[in-house]
2 protein chains.
Amino acid sequence: MGLLFQTTVIDCNDARRVGGFWAELLGMPLESDDDGTEHWIDFGPDGRDLLFLTVPDRKSGKNRLHIDLRPDDQAAEVERALALGARHVDIGQGQQTWVVLADPEGNEFCILRALKPDE
Amino acid sequence: MGLLFQTTVIDCNDARRVGGFWAELLGMPLESDDDGTEHWIDFGPDGRDLLFLTVPDRKSGKNRLHIDLRPDDQAAEVERALALGARHVDIGQGQQTWVVLADPEGNEFCILRALKPDE
């Protein structure tokens with residue numbers, strides 16, 4: 001095909017810290033370049049990896065893009081995320097089936113409900 | 001595993017329009033729910049899909065997350081993206097191997113260089 005969806009890139013003030021959080025959360029290794037400025041999680045040859053870049057500007061407002069995660073056990077994974085450094089955030093979502101959290105630099109993400117076996 | 005990287009979600013003012021652009025760009029079908037409020041591109045059972053949600057708030061500033069695309073022919077894919085409604089944007093990137101574009105609502109994305117056969 002002409003274009004492969006290669007990567008979702010996250011600007012960070014501390015890419016190693018944020019990348020480390022996401023790697024732990026997803027149970028994947030964090031890879032780094034030689035000078036330690038770029039860190040990524042490689043999901044394999046079909047792309048759609050995660051790349052963490054250090055930038056000087058700070059996060060401002062709610063992110064226009066965010067990541068949704070599918071748990072096998074929502075409550076357990078929310079607790080695990082909080083223990084890794086996530087926090088609950090209120091972006092006006094109200095009562096939903098998903099839980100809105102933010103990573104150590106405030107990037108919003110959602111832990112969806114677990115799917116039933118027949119879904 | 002405990003958490004699957006399910007989806008990268010893009011907030012849009014017109015989710016059908018933005019989703020339609022990305023579906024054309026990636027050569028994938030755009031799927032929609034019954035009432036037309038959610039649109040998505042499904043990459044299969046291992047997740048990492050794209051979901052387009054209509055929200056009232058406008059994009060503000062440079063996105064903290066963005067998508068990188070890998071072309072087989074960079075110049076041709078940049079031209080194709082422009083014809084579909086993308087535009088060049090300057091986020092201070094200077095001269096790079098990648099080309100920075102924005103989708104019809106200004107969401108930045110990059111078309112990387114093509115990989116050589118032995119890369």
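Each chain gets a letter, A, B and so on, in the order the sequences are listed, and its residues count up from 1. These figures come from a predicted structure and were not determined experimentally.
With a threshold of 4.5 angstrom between heavy atoms, A:Leu50 approaches chain B through side-chain atoms but not through N, CA, C or O. Residue A:Gln74 does not touch chain B at all, counting heavy-atom pairs closer than 4.5 Å. If you measure heavy-atom distances from B:Asp57 to chain A, the contacts under 4.5 Å come from both the backbone and the side chain. Residue A:Phe109 does not touch chain B at all, counting heavy-atom pairs closer than 4.5 Å. Looking at A:Cys110, neither its backbone nor its side chain comes within 4.5 Å of chain B, counting heavy atoms on both sides.
Hydrophobic clustering (side-chain heavy atoms under 4.5 Å, transitive across Ile, Leu, Val, Met, Phe, Trp, Tyr) keeps A:Leu82 apart from A:Val89. Linking ILVMFWY residues whenever their side-chain heavy atoms come closer than 4.5 Å, directly or via other members, leaves A:Trp98 and B:Leu4 in distinct clusters. One hydrophobic cluster holds both A:Met28 and B:Phe5 under the rule that ILVMFWY side chains link at heavy-atom gaps under 4.5 Å. Linking Ile, Leu, Val, Met, Phe, Trp and Tyr residues whenever their side-chain heavy atoms come within less than 4.5 Å leaves A:Val18 and A:Trp40 in two separate clusters. Cluster annotation: A:Leu101 and B:Val9 are assigned to distinct hydrophobic clusters (Ile/Leu/Val/Met/Phe/Trp/Tyr, side-chain heavy-atom contacts under 4.5 Å, transitive).
Considering only heavy atoms from C-beta on, A:Gln6 stays 4.5 Å or farther from B:Leu69 through its side chain. In this structure the side chain of B:Leu65 reaches within 4.5 angstrom of the side chain of A:Thr8, judged on heavy atoms. Side-chain contact check for B:Asp11 versus A:Lys62: some heavy-atom pair is nearer than 4.5 Å.
Remark: of the listed residues A:Asp72, A:Asp73, A:Leu112, A:Leu25, A:Leu25 is the sole one forming a side chain to side chain contact (heavy atoms under 4.5 Å, CB included) with B:Leu3.
Chosen from A:Leu51, A:Asn63, A:Val55, the residue pairing most often with chain B at heavy-atom distances under 4.5 Å is A:Asn63.
Atom CG of B:Asp34 has 12 or fewer heavy atoms from other residues, nucleotides or ligands within 6.0 Å. Heavy atoms of other residues, nucleotides or ligands lying less than 6.0 angstrom from CD of B:Glu119 number more than 12.
Within the 3.5 Å criterion, the main-chain N or O of B:Gly61 finds no donor-acceptor partner in the side chain of A:Arg64.
Taking OG1 of A:Thr7 as the reference point, atom CZ of B:Arg70 lies at 7.5 Å (rounded to 0.5 Å).
Salt-bridge annotation for A:Asp49 and B:Arg48: absent, with no side-chain N of the basic residue lying under 4.0 Å from a carboxylate O of the acidic one.
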